[in-house]
Structure formats: structure tokens, C-alpha cells
Number of protein chains: 2
Amino acid sequence: MATAGTPAEPAGHKRSDVRRNEQTLLDAAAAVFVRSGVDAPVREIAAEAGLGVATIYRHFPTRADLVVAVFRHQVDALAAAAPMEAPADDKPYEALRRWVHHFADFLVTKHGLAEAMHSDQAGFESLHNEFVERLLPVLDRLLKASAAAGAICADVRAYDLMLAVGNLCIGVDTFPDYRSRRMVDLLLTGLATTAG
Amino acid sequence: MATAGTPAEPAGHKRSDVRRNEQTLLDAAAAVFVRSGVDAPVREIAAEAGLGVATIYRHFPTRADLVVAVFRHQVDALAAAAPMEAPADDKPYEALRRWVHHFADFLVTKHGLAEAMHSDQAGFESLHNEFVERLLPVLDRLLKASAAAGAICADVRAYDLMLAVGNLCIGVDTFPDYRSRRMVDLLLTGLATTAG
DNA sequence: CGTGACTCGGAACAGCACTCCGTATTGCAA
DNA sequence: TTGCAATACGGAGTGCTGTTCCGAGTCACG
């Protein structure tokens, strides 16, 4: 249940094996996620790490906690990739467009991540929450900057856009002919047009 | 494996209990799909029908076969809802827009159908195939008519658009705040704009 | 080196899809 | 009406999943 954004990381007073196993698990999970997708069986991750399943659950109570931990750096990089100060940028819509494509590329390269983020499966809600918590403010800022510049219509909510883009990235693995990037572009174009 | 569009329906030479049970299953499945979504446990459908699980598998080898059979009439209606003769319509883009929204509304009201259609789970491929087979020609016709009228850009493929719209309908149950309809509209707007 | 607290491992439980085979039902013909 | 061959049915069985529990093992500190 607990969202458990950061389980507990005062970092200092943890037993050495705990810290070692946590890192082992993160490495194993990263490898398995690439090989079998983010919804790979828990046992497979445990085997890859050479640890028991209970150890996984002790460190990462829900699957989303593990996924978030594995991708944390990349999500942070994504958040940081957006221009911090909007006023400095004279082309806010271009900045928005660039960042959304970065976001989409990130999702597409992590097999099953987009699917999982919008899944109703138990344990995945906090994954959704994490993404919303970290990236929604960024997207909202970009969106408001564009709206202020009159480049897009102002009544589109960042939340809707974020979920929509995430949704458009679903199925790229399953259906090789599907071009998610083109569709994301189309959505962004629609955003700009409604301003007219 | 078999796509099994129409398992075998010469209708005449089937045992009476077979036909009766098939209808019972369809009714039960329809009820359960509404209550628990299209990915409800097989046992639940069997219980609702008062039949064994093997009977379900005998009539509908894959889950998609059952889903397709339950929604066949509505999918047909959807296909028929598109204007048959494009030339007669002087506003092809409006027709396209209307039909796509019909399609989206259909998906949204069937809990989990959009998710299932783009799932990589075994047994769901034929669901995707069925939708593509039945609705893609319709969408393609609408799209070509709009393109011919110069209302939209011509380089968007019907397949991409269909999957994109389907994707945008994912998550409406899980995330009540997500407005899929608005996002579908945005996508359609983008389609029109790129023509400019 | 001993002790106490914390952690690990894998067996155990529960829920799912899907299959198999003995039993029951059906339709036809005598 | 009744017997029989073909066919369908039911539910137990198999195998894979997530999740929990507790005895055995490991670590840090005195």
C-alpha cells in the first residue's frame, strides 16, 4: 500500500550485507528488465541476483518500488533535461516538443514500462504516482510557458498530456509496425493548432 | 493459435446442447465483462454460466475468440456507422472525426478492452487481428477521403491512427482524472493541422 | 569470541490459465 | 421405445505466477 517513495535511506547505519544485496538486486533487476521486460517474474530476478524472493520483497515491497529504484537516475535525468528557466527560452513550444519526445523515447526503450505505468495491476499504482510526482511538474512548467507564449491552447492539462503520451508508447514491442513517435508528434501538433 | 474468425457456424448440424451452451456462455461472458472487465477469470465466467471451464475452451479456444464473439454485433455496427460512400459526404474530415469518437467511446465503455487489445498476453493477438481486420478498412476509407479533400495530411497510416486512438483509451478506469476524449480530439486536430 | 538483533532462503499458500479423461448427453436407427 | 456410437461435459490435475512465514544464517558490537 505504502507509496514508499524513498523507503528509508539515511544510508549510514545499514548492515553491509543489506547494502550489498540491495545493489545486487538493482543490477539483476536492470538486466532482467532489459531481457524480459519490467513485468518479468519475481523468481527470475531473484535467480539472476542469486538471492531469495523474500529478499526482494523486503527491500522493495511492491514491484513499482523496484522499477522506480532501477530507473530513478534516468527519471531524474529526464526531469533535469527540461530547461529550468522558461523565460530564457524564446521558443517554449519547441522546448516542450523536444522534452515530450525525450519522455516518449525513454518509455519506448524500457520494454513494458509504458504498459506497466498504466496498468491496474496491484503494486503498479505507486509507479504511476512516482512518475506523476517527478515529471508532472516539469511538463506542467513547459506547458504553461508555451501557453504564455500563445503557442498552444491553454486548456490542456499536463496530467492528461502525460498519460496520453505514455499511452501512445504502448504496444511498440508487440506491434512492430506501430509508429508511436509519429503519433506523439501528431498529438503535439494538435496541441499547437488549437491555439490558433 | 488459430485466428478462428468464425469457428464454424454452418449452424444447422450442431447438437442442441452445443448451441444452447454457446449462447449461455455468450450471455454469461457479456455479463461478467461488464462487471469485472474483459480479463475476468475464466472460472468466473464458467460459474456465471453454470458450466465447466473446459466447455468455454471448447467453444472459444482463446480468450480473444470469446471477446470477439461477445462484441461482434457492436463491432459490426461500428463498421457500419461509417458513411459507405465517401463522395456523397462533402465534409469527410467531420465524418472521420465523428467515427473515431464513436470508436473511442466504444472502447471506453468496455472495461479493459482497450488494454486487452494492445496486450502482449498470449491469446489476445487474435483480438487485435479481429479489430484490425474489421475496422481498419473503414478507417482507411475515411482517412483517404479526408486526404483527398485536402483536410488532413496524407502520410498518416490508418493502422497507426487506429492503434493510437485505442491506446489513448487505456486507463480511463484506473485513473478517473484522465480525459481520454480530449486527447483523442487533440490527436484528430493534429491530423488536420499537418495538412496546412 | 559471544550474544542479540537483524536478514536470508526457500518452502508453503493462494489464484490463475489451460488440459485430460471418465461420465453423461444427444441423435439416429432398429 | 430402446440401444448404441459419437460427441460434449465437468471438475480434478498440472504448471506458473505473486506473496508470506519462520527456522537458519549473518553481521555488528562489546
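Throughout, a chain's letter reflects where its sequence line sits, starting with A, and its residues are numbered from 1.
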Exercise for review: For the helix from dC1(C)-dG30(D) to dA30(C)-dT1(D), figure out the bend between the end axes, five pairs an end, and round to 10 degrees.
Suggested key: 10°

Check your understanding: Do the side chains of Pro83(B) and Leu142(B) get nearer than 4.5 Å, heavy atoms only?
Key -> yes

Review point. Got a donor-acceptor contact below 3.5 angstrom from the Asn21(B) side chain to the Asp17(B) backbone?
Key: yes

Check your understanding: Which heavy-atom pair separates Ala49(A) from Leu25(A) by the least distance, and what is that distance?
Key -> CB-CD2, 3.9 Å

N/O contacts under 3.5 Å, protein versus nucleotides 27-30 of chain D?
| unit_1 | atom_1 | unit_2 | atom_2 | d |
| --- | --- | --- | --- | --- |
| dC27(D) | O4' | Arg15(A) | NH2 | 3.4 |
| dA28(D) | OP1 | Ser16(A) | N | 3.0 |
| dA28(D) | OP1 | Ser16(A) | OG | 3.0 |

Exercise for review: Tell me, please, which residues at least two apart from Arg181(B) pass salt bridge (charged side-chain N to carboxylate O under 4.0 Å, His left out).
Suggested key: Asp105(B)

Point to revise | Within-4.5 Å side-chain heavy-atom neighbours: Tyr178(A) and Leu168(A) | key: yes

Review point. Could you give the CZ-to-P distance, from Arg58(B) to dG11(D), as a whole number of Å?
Key: 13 Å

Practice item. May I ask you to say what Val18(A) touches in the nucleic acid, namely base, sugar-phosphate or nothing, with a heavy-atom cut-off under 4.0 Å? Key: sugar-phosphate

Exercise for review: For residues Phe33(B) and His111(B), determine if any side-chain heavy atom of one lies less than 4.5 Å from a side-chain heavy atom of the other.
Suggested key: no

Exercise for review: Compare all side-chain heavy atoms of Tyr159(A) with those of Asp140(A) and state whether any distance is below 4.5 angstrom.
Suggested key: no

**Study point:** With sequence neighbours excluded, residues passing ring-ring contact (aromatic ring centres under 6.0 Å, His included) with Phe175(B)
**Key:** His128(A)

Review point. Do Asp177(B) and Arg157(A) meet the salt-bridge criterion of a basic N to acidic O distance under 4.0 Å?
Key: no

Review point. Are Arg98(A) and Glu94(A) ion-paired here, with the side-chain N under 4.0 Å from a carboxylate O?
Key: no

Study note, to complete from the structure: Rounded to whole Å, the CZ-P distance (Phe60(B) to dC9(D)) equals 11 Å

Review point. To the nearest Å, how far apart are Arg19(B) CZ and dA8(D) P?
Key: 13 Å

**Study point:** Covered region of DNA chain C, 5' end to 3' end, by chain A [heavy atoms, under 4.0 Å]
**Key:** dA5(C) to dA12(C)

Review point. Side chains of Arg97(A) and Thr189(A): is there a donor and an acceptor less than 3.5 Å apart?
Key: yes

Point to revise | Atom pair CG/CD of Asp27(B) and Glu22(B) - distance to nearest 0.5 Å | key: 11.0 Å

So which protein N/O to nucleotides 16-18 of chain D N/O distances come out below 3.5 Å?
| unit_1 | atom_1 | unit_2 | atom_2 | d |
| --- | --- | --- | --- | --- |
| dG18(D) | OP1 | Val42(A) | N | 3.4 |
| dG18(D) | OP2 | Val42(A) | N | 3.0 |
| dG18(D) | N7 | Arg43(A) | NH1 | 2.7 |
| dG18(D) | O6 | Arg43(A) | NH2 | 2.9 |

Check your understanding: Will you find, in the side chains of Arg19(B) and Thr24(B), an N or O donor that is under 3.5 Å from an N or O acceptor?
Key -> no

